[in-house]
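Comments concern the structure below.
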Amino acid sequence: MHQAKRVDPQPFDYRAARLAPYSERFSRVDQNLIYRGVLSAETVDMQAADPENQWQLDYVGNMAAGVMTGRFGTGVAGSVEALFSDVLGNNLLYGGVSINGEIYDFGGQIALLHQRHRIKTGVSFSHIPYRMGYYSYEGEDDQEELVYFSRRIFEDKGAVFSFLPLSRSARVEAGMSMAHYSYRYEKIENIRSYYPTYNETGRKIDAPDGYWVGNLDVAYVFDNSRSGIASPVDGTRTRIQAEKYLNGVNAHAFLVDFRRYKFVRPFSFAYRFYYYGRHGADRNTNRMTRLFVGYPWLVRGYDTGEFYMDSTQSTRGIGIKQLIGNNLFITNLEWRMPFSGPFDFAWFRSSTFFSEMALFVDAGIAWDADSRPVAALTTSSDSRRIPVFSTGMSLRLNFFGFIVVEPYLAFPFHQNRFYNGQFGFNVFPGW
């Protein structure tokens with residue numbers, strides 16, 4: 001039978017237990033160390049010093065790089081985003097760059113946020129290219145020639161913004177920006193098919209002069225949602241925003257974005273109601289890019305599709321104009337299921353690979369001053385706008401918390417029938 005033996009505390013080194021924060025008076029730990037003879041009051045040297053508030057890297061995301069080749073040609077694309085902060089978290093610095101195509105298609109943004117005070121303030125600068133193009137025929141009769149026009153719009157913007165927290169879930173935002181828009185037009189001639197634009201260089205042609213546009217915005221934001229593996233799973237998100245355009249553009253815009261999430265262990269049901277519209281005398285001006293329903297983060301399955309026609313002239317197809325306007329109304333419904341991850345939630349247990357499966361139904365409609373929405377499933381005119389739908393399945397992959405990639409398969413539904421499935425992907429967390 002072993003008997004307890006008293007241990008002499010003196011041989012032990014307690015100096016590592018000293019408290020770090022500076023104080024003009026010795027802490028209780030220091031007093032005990034001095035009393036035990038480990039330290040002496042004469043050798044304890046404590047001086048006040050300002051903390052070294054250095055910048056450090058907090059987050060790196062949206063990292064992507066790749067080389068693509070095929071019958072359309074060869075190309076390179078890539079992007080990266082980074083977030084820095086100081087030790088006290090009073091300042092945040094964000095930077096992001098991306099390229100997809102030629103050197104003209106390089107884009108980037110840098111932003112600085114100061115949040116030491118109750119009213120947070122920030123400034124940002126960005127250069128964003130927008131690329132588009134179309135085919136046309138030039139000449140008469142037998143001399144007609146197929147040509148391709150490539151158009152780039154470059155947005156160089158500076159902005160200041162601020163927000164005031166009202167509670168842990170709500171805040172008010174306000175901002176002001178000034179942007180310069182410039183153009184670059186190119187023309188590709190003597191082409192023999194509809195697929196020359198990825199490997200042929202166009203001839204630069206005349207383009208419109210650049211111009212400046214200012215913007216004022218104010219918004220109310222509410223967010224008490226809880227995040228899951230790759231998207232929110234419970235709570236509510238709301239954003240109500242008003243914008244006013246300046247510098248010769250007589251237009252204003254309104255945004256209502258409402259999202260509701262309901263967690264029913266282990267699943268989650270998500271719903272979104274989204275409206276964005278431009279109003280005013282210049283709402284149809286060509287100085288602003290038109291709104292498009294078919295972006296994959298709005299209605300999946302319509303960003304690329306062989307079902308588009310030049311115009312909607314019958315119920316056998318749909319024209320691209322049906323999805324373009326200055327008013328958008330979007331609604332989405334998802335059933336989200338943990339696919340791989342924590343053992344008590346996901347179907348497949350994994351401590352390194354986290355993913356989420358979703359079954360979705362998307363719907364959207366767009367209209368402008370020359371058209372109107374109608375409550376119908378078919379139309380034979382671009383002036384009578386009908387809603388477009390899609391349904392399918394997606395898988396959101398969370399790569400170690402750095403990036404979320406969402407490949408999906410969507411089946412478009414319009415003109416009262418389903419069309420072939422369309423593959424695509426998003427590179428951000430679920431809405």
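Counting only heavy atoms from C-beta outward, the side chains of W55 and N91 approach each other to under 4.5 Å. Contact annotation: the side chain of I240 never approaches that of F222 to less than 4.5 Å [non-hydrogen atoms, C-beta and beyond]. Annotation: side chain of Y104 is in contact with side chain of F154 (closest heavy-atom distance under 4.5 Å). Between E243 and D217 there is a side-chain heavy-atom pair separated by less than 4.5 Å. You'll find the side chain of F307 stays beyond 4.5 Å of the side chain of Q415, heavy atoms only. Looking at heavy atoms from C-beta onward, V97 lies in side-chain contact with V80 at the 4.5 angstrom threshold. Residues V213 and Y245 form a side-chain contact, since some pair of their non-hydrogen atoms from C-beta on lies under 4.5 Å apart. Contact annotation: the side chain of V147 approaches that of K187 to within less than 4.5 Å [non-hydrogen atoms, C-beta and beyond].
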Q: Give the C-alpha distance, both sets of side-chain angles, the deciding distance and a yes or no for side-chain contact (heavy atoms from CB on, under 4.5 Å) between V233 and Y261.
A: CA-CA 6 Å; V233 296; Y261 315 99; 5.8 Å; no
(Q) Run F125 and D156 through side-chain contact (heavy atoms from CB on, under 4.5 Å) and show every step you take. (A) CA-CA 8 Å; F125 300 93; D156 298 289; over 6 Å; no
Q. Is there a side-chain contact (heavy atoms from CB on, under 4.5 Å) between I365 and I386 once you walk through the steps?
A. CA-CA 6 Å; I365 189 172; I386 60 172; 5.7 Å; no
(Q) Walk me through whether S167 and S169 qualify under side-chain hydrogen bond (donor to acceptor under 3.5 Å, both in side chains). (A) CA-CA 5 Å; S167 66; S169 304; 4.9 Å; no
Q.
Could you walk me through whether E81 and Y94 satisfy the side-chain hydrogen bond (donor to acceptor under 3.5 Å, both in side chains) test, starting with their C-alpha distance in whole Å, then the side-chain angles of each, then the deciding distance to 0.1 Å, before giving a yes or no?
A. CA-CA 8 Å; E81 294 178 314; Y94 163 83; 2.5 Å; yes
(Q) With salt bridge (Lys or Arg N to Asp or Glu O under 4.0 Å) as the criterion, how do R152 and D105 come out once you've worked through the C-alpha distance, each side chain's angles and the decisive distance to 0.1 Å? (A) CA-CA 8 Å; R152 288 181 175 88; D105 303 308; 2.9 Å; yes
Q: Take F339 and M337 through the test side-chain contact (heavy atoms from CB on, under 4.5 Å) and record every step on the way to the result.
A: CA-CA 6 Å; F339 186 72; M337 299 157 282; over 6 Å; no
Q: Mind running ring-ring contact (aromatic ring centres under 6.0 Å, His included) on F418 and F413 for me, showing each step along the way?
A: CA-CA 4 Å; F418 281 99; F413 178 88; 4.8 Å; yes
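For the pair G235 and R260, the tightest heavy-atom approach, listed with the atom from each and the gap, is O-NH1, 3.0 Å. Closest of all the heavy-atom pairs between L298 and I330 is O-CG2, 3.8 Å. Closest of all the heavy-atom pairs between A410 and F360 is CB-CZ, 3.8 Å. Summarising the geometry of R417 relative to R316, their closest heavy-atom pair is NH2-O, 3.6 Å, with the distance given to 0.1 Å. When all heavy atoms of R396 and A358 are compared, the pair lying nearest together is NH1-CB, 4.0 Å. S177 approaches A159 most closely through the heavy-atom pair CB-CB, 3.6 Å.
A distance of 10.5 Å separates CZ in R385 from CH2 in W367, rounded to the nearest 0.5 Å. Here Y185 contributes atom OH and I153 contributes atom CD1; the two are 6.5 Å apart, rounded to the nearest 0.5 Å. Interatomic distance, K120 NZ to F163 CZ, rounded to the nearest 0.5 Å: 6.5 Å. The CD1 atom of I128 sits 5.0 Å away from atom CD of E155, with the distance rounded to the nearest 0.5 Å. Here the OG1 atom belonging to T312 is positioned 4.0 Å from the CG atom belonging to D382, to the nearest 0.5 angstrom. The CG atom of L93 sits 10.5 Å away from atom CG of D58, with the distance rounded to the nearest 0.5 Å.
Two rings, from Y419 and Y308, have their centers 6.0 Å or more apart.
More than 12 non-hydrogen atoms from other residues, nucleotides or ligands lie less than 6.0 angstrom from CD1 of I205. Within 6.0 Å of CE on M178 lie more than 12 heavy atoms contributed by other residues, nucleotides or ligands. Annotation: K157, atom NZ; neighbour count of heavy atoms from other residues, nucleotides and ligands within 6.0 Å does not exceed 12. Atom CZ of R290 has more than 12 neighbouring heavy atoms from other residues, nucleotides or ligands inside a 6.0 Å radius.
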For residues 250-257, which side-chain N or O atoms pair as donor and acceptor with protein atoms under 3.5 Å away, sequence neighbours left out?
| residue | atom | partner | partner atom | Å |
| --- | --- | --- | --- | --- |
| D257 | OD1 | R259 | NE | 3.1 |
| D257 | OD2 | R259 | NE | 3.4 |
| D257 | OD2 | R259 | NH2 | 2.8 |

Return a table of donor-acceptor pairs under 3.5 angstrom between the side chains of residues 420-431 and protein atoms on other chains or two or more places apart.
| residue | atom | partner | partner atom | Å |
| --- | --- | --- | --- | --- |
| Q422 | NE2 | N420 | O | 3.3 |
| N426 | ND2 | P296 | O | 3.2 |
| N426 | ND2 | E406 | OE1 | 3.0 |
| W431 | NE1 | E334 | OE2 | 3.4 |

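A donor-acceptor pair under 3.5 Å is absent between the side-chain atoms of R118 and the main chain of L164, judged by distance alone. Remark: side-chain polar atoms of Q115 are paired, donor with acceptor, to backbone N or O of G89 under 3.5 angstrom. The main-chain N or O of P232 is never found under 3.5 Å from a side-chain atom of R226 such that the two would form a donor-acceptor pair. Side chain of N398 to main chain of F354: no donor-acceptor pair is present (N/O by atom type, distance under 3.5 Å, no hydrogens or angles). For T379 (side chain) and R384 (main-chain N/O), a donor-acceptor pair under 3.5 Å exists by modelled atom type. Between the side chain of S350 and the backbone N or O of S340, no donor-acceptor pair lies under 3.5 Å. Put simply, the side chain of T331 gets close to the backbone of R272: a donor and an acceptor are under 3.5 Å apart. With N224 contributing its side chain and T236 its backbone, the two residues share a donor-acceptor pair below 3.5 Å.
Using a 3.5 Å distance cut-off with no hydrogens or angles, the side chains of S225 and R237 do pair a donor with an acceptor. Side-chain N/O atoms of N326 and R278 include no donor and acceptor closer than 3.5 Å.
Classification of the H414-Y302 ring pair by plane angle, with boundaries at 30° and 60°, yields tilted.
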